[in-house]
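Below is one structure, written out as structure tokens; the observations come after it.
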Amino acid sequence: METPLLGFEPRCPHLFITNSRLSSSLPHPTLSVRTLTATTVVKSPATVVAAEAPRTKPHSKSFLSRKSAISEIEQSPDFLSSLQRFARVLKVQDLNVILRDFGISGRWQDLIQLFDWMQQHGKVSDSTYSSCIKFVGAKSVSKALEIYQSIPDESTKTNVYICNSVLSCLVKNGKLDSCIKLFDQMKRDGLKPDVVTYNTLLAGFIKVKNGFPKAMDLVGELPHNGIKMDGVMYGTVLAICASNGRCEEAESFIQQMKDEGHSPNIYHYSSLLNSYSWKGDYKKADELMAEMKSVGLVPNKVMMTTLLKVYIKGGLFERSRELLSELESAGYAENEMPYCMLMDGLSKTGKLEEAMTIFDDMKVKGVKSDGYANSIMIAALCRSKRFEEAKQLARDSETTYEKCDLVMLNTMLCAYCRAGEMESVMRMMKKMDEQAVSPDYNTFHILIKYFIKEKLHLLAYQTLLDMHSKGHRLEEELCSSLIYHLGKVRAHSEAFSVYNMLRYSKRTICKDLHEKILHILIHGKLFKDAYVVVKDNAKVISQPTLKRFCKAFMVSGNINLVNDVLKVLHGSGYKIDQVQFEMAIARYISQPDKKELLLQLLQWMPGQGYVVDSSTRNLILKQSHLFGRQLIAEILSKHHIVSRTMVRSRSEPKFSRAQRGK
DNA sequence: TTAGGGTTAG
């Protein structure tokens, strides 16, 4: 509740005094500053001054009674009954004031109740919706959307304030895609987006990976809508540049804003500086600091810390240490962040010992830590394969810090896995569960690798299924390793399921993997699945493996698919040999009810340049009474003709080569 | 008469 007051006071202290004076003149004895702030802060200063400066214009009776009704309702333990009493006095805007007060003070249930009441009594305005959606959206996006969808009037649904409120709540909840979709729909329905709308959407791209091009598309739309960028939007756009490492674009936006008469503030400069940190461009960073000082801006703690980041990324460790000392003397290093950055930078460039010195130093100085420093050192020790020390530090962290975030938990988990501490691994998993921290891609990855190492292959498989069902991308190397191990323990269909998950996650996969799974499937006698793999990937599978598949299928595969398999193999450029035809034909002969299939095969062969050899031919002739003598004779004679032309064509080139030789 | 942004660490 302090926030609005603090934000309010320094700007217009006189107003605050006026308010205090006003409070004594109000009828309600328990009226507090809290309520006053909440109610007056939403008015434009002009309104407040005009309405509340007693000397220039006394308040009307109705104004005062509405004021007191508002504060009474806000403070009533049973606000609905107070609301009933004042129902006739209060205007929609008064109810909106109460609604916002509930929102600011986190009275969510009351807010919903009030909103329902307002709807029932037909006392809603556009601002009711925009405020309500804003506050409700902070807690539940779906409820906010529900409110938006329930708006009966179509033109209200495209009110720019209401739309901005809805869009903002989607962005703040990380639902950028649905936000953009809804935005397009709103435009089709008649929304005229303004600078706030675009800025709301742009803000969604700040922390999004690869959000830069999409953000630039939006910026490109601005001129078509007659919208000019303002200082706020430049701030957003610069933050997007910075978080995507686009320093050139950031420079050009800074230039553009200067050309348009805006003066960059410390935030604009900070983003530009941050964009230099990607490549560690300390030269430009130094120039920037100089420019900033020349226009009278004083670098703050964040800016200095960002500069430190640039130096570290640029590998200037001596200067980094100096800057860290400066931060210390300026009182900007009272928490662990700058130390963390330096330790991380050092350890990632192989300077583990120097990182440890900083770490010890930090402890000696009594720098406040939330566990980040430990986490960084655990990761650093793991990188250097010093697992015992990593494990020990993880233990220390567990006892020292009660709260852990996902990254810390992952780091500790990793240390325990690498050190082979099963009990601790399980404890970490339980901890995650208890703290309701949902595992991310890294968690799954660490666990699966560990389970494989411990030969808990089926557990690894289950974990991978879990990972997949949670929508995480699957990494090929990990899957490939799991497939290999599942194959080894004869979990053939599990191996195939991993292969399929990888394959259907729409990525091109290494061709060796098709071959690998094919061997496993053949080994597991899963011929139908093997056939599917061959059908889709025959061109990238080696000839010996195809041969192995073909032989195995001819012997034990589903007889109804034998011809299909041969056709697919042939279609891929694989040359089927006599032995394989003989196997297929022998199988058909042993199963005379499949005579149609045999006839189809025999009829297909000559057209592709295949003929039966003499032993197979004899085999067929011996049993030809089963298949129709006449038909068999006709087909075999066709094979004979083809075989003669084949012999001729094989000998001809030899002959001509010999002739050319002469 | 209501909606928007911004800088730092693993």
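Each chain gets a letter, A, B and so on, in the order its sequence line appears, and its residues count up from 1.
Remark: P of B/dT7 and CG of A/L297 are 17 Å apart, rounded to the nearest angstrom. If you measure from atom CD1 of A/I266 to atom P of B/dG6, you get 16 Å, rounded to the nearest angstrom. Atom CD1 of A/I206 and atom P of B/dG6 are 4 Å apart (whole Å). Whole-Å rounding puts the A/Y129 OH to B/dA3 P distance at 16 Å. If you take CD of A/E336 and C1' of B/dA9, they are 8 Å apart, rounded to a whole angstrom. One interatomic measurement links the two molecules: CG of A/D94 to P of B/dT2, which rounds to 13 Å at whole-angstrom precision. Regarding A/D126, its CG atom lies at a distance of 10 Å from the C1' atom of B/dT1, rounded to whole Å. The OH atom of A/Y198 sits 17 Å away from the C1' atom of B/dG5 (whole-angstrom rounding).
Ring pair A/Y372/A/Y339: centre-to-centre distance not below 6.0 Å.
Judged by distance alone with a 3.5 Å cut-off, a donor-acceptor contact links the side chain of A/D230 to the base of B/dG4. Side-chain atoms of A/D405 come within donor-acceptor range of the base of B/dG10, with a qualifying N/O pair under 3.5 Å. Not a single donor-acceptor pair, N or O on each side, falls under 3.5 Å between the base of B/dG4 and the side chain of A/D194.
Residue contacts for A/G371: at a heavy-atom cut-off of 4.0 Å it reaches no nucleic acid atom on any strand shown. Looking at heavy-atom distances under 4.0 Å, A/L167 makes no contact with the nucleic acid at all. Residue-level contact check: A/A379 touches neither bases nor backbone, having no heavy atom under 4.0 Å from any strand. Residue A/M304 is out of contact with every strand shown, counting any heavy-atom pair closer than 4.0 Å. If you check every strand for non-hydrogen atoms under 4.0 Å, A/M337 touches a base.
When all heavy atoms of A/C241 and A/F253 are compared, the closest pair comes out as SG-CD1, 3.8 Å.
Once the 5.5 Å centre distance and the 30° plane angle are applied, the aromatic ring of A/Y372 is found stacked with the base of B/dA9. For B/dT2, the base is stacked against the aromatic ring of A/Y161, per a cut-off of 5.5 Å between centres and 30° between planes.
Closest to the side chain of A/K172, from the set B/dG5, B/dG10, B/dT2, is B/dG5. Listed nucleotides B/dA3, B/dG6, B/dT1 differ in distance to A/K134; the shortest reach to its side chain belongs to B/dA3. Here B/dG4 is the nucleotide among B/dG5, B/dT1, B/dG4 with the atom lying nearest to any side-chain atom of A/V196. Ranking B/dT7, B/dG4, B/dT2 by closeness to the A/T200 side chain, first place goes to B/dG4. Counting only heavy atoms from C-beta on, A/A203 has its side chain closest to B/dG5 among B/dT2, B/dG5, B/dT1. Among the nucleotides B/dT1, B/dG6, B/dG10, the one closest to any side-chain atom of A/Y267 is B/dG6.
Here the side chain of A/T411 pairs a donor or acceptor atom with the backbone of A/V407 at under 3.5 angstrom. The closest donor-acceptor contact from the side chain of A/S60 to the backbone of A/F63 lies under 3.5 Å.
Contacts classified as salt bridge (Lys or Arg N to Asp or Glu O under 4.0 Å) and involving residues 300-310 of chain A (residues at least two apart or in different chains) are given here: A/K301-A/E334.
Of the residues in residues 233-249 of chain A, A/G235, A/T236, A/A239 come within less than 4.0 Å of DNA chain B through at least one heavy atom, sorted by number.
The phosphate of B/dT7 has neither OP1 nor OP2 within less than 4.0 Å of any side-chain N or O from A/K309. Applying the 4.0 Å criterion to OP1 and OP2 of B/dA3, one finds that A/K192 has every side-chain N and O outside that range. The shortest distance between the side-chain N/O atoms of A/N274 and the OP1/OP2 oxygens of B/dT8 is below 4.0 Å. OP1 or OP2 of B/dT7 has not a single side-chain nitrogen or oxygen of A/K301 nearer than 4.0 Å.
Salt bridge status for A/D361 with A/K365: present, with a side-chain N to carboxylate O gap under 4.0 Å. Ion pair A/E389/A/R386 flagged as a salt bridge, since at least one NZ, NE, NH1 or NH2 atom sits closer than 4.0 Å to an Asp/Glu carboxylate oxygen. Between A/E74 and A/R100 no salt bridge is recorded (no basic side-chain N to carboxylate O distance below 4.0 Å).
By the 4.5 Å heavy-atom criterion applied to side chains, A/H268 and A/M257 are counted as neighbours.
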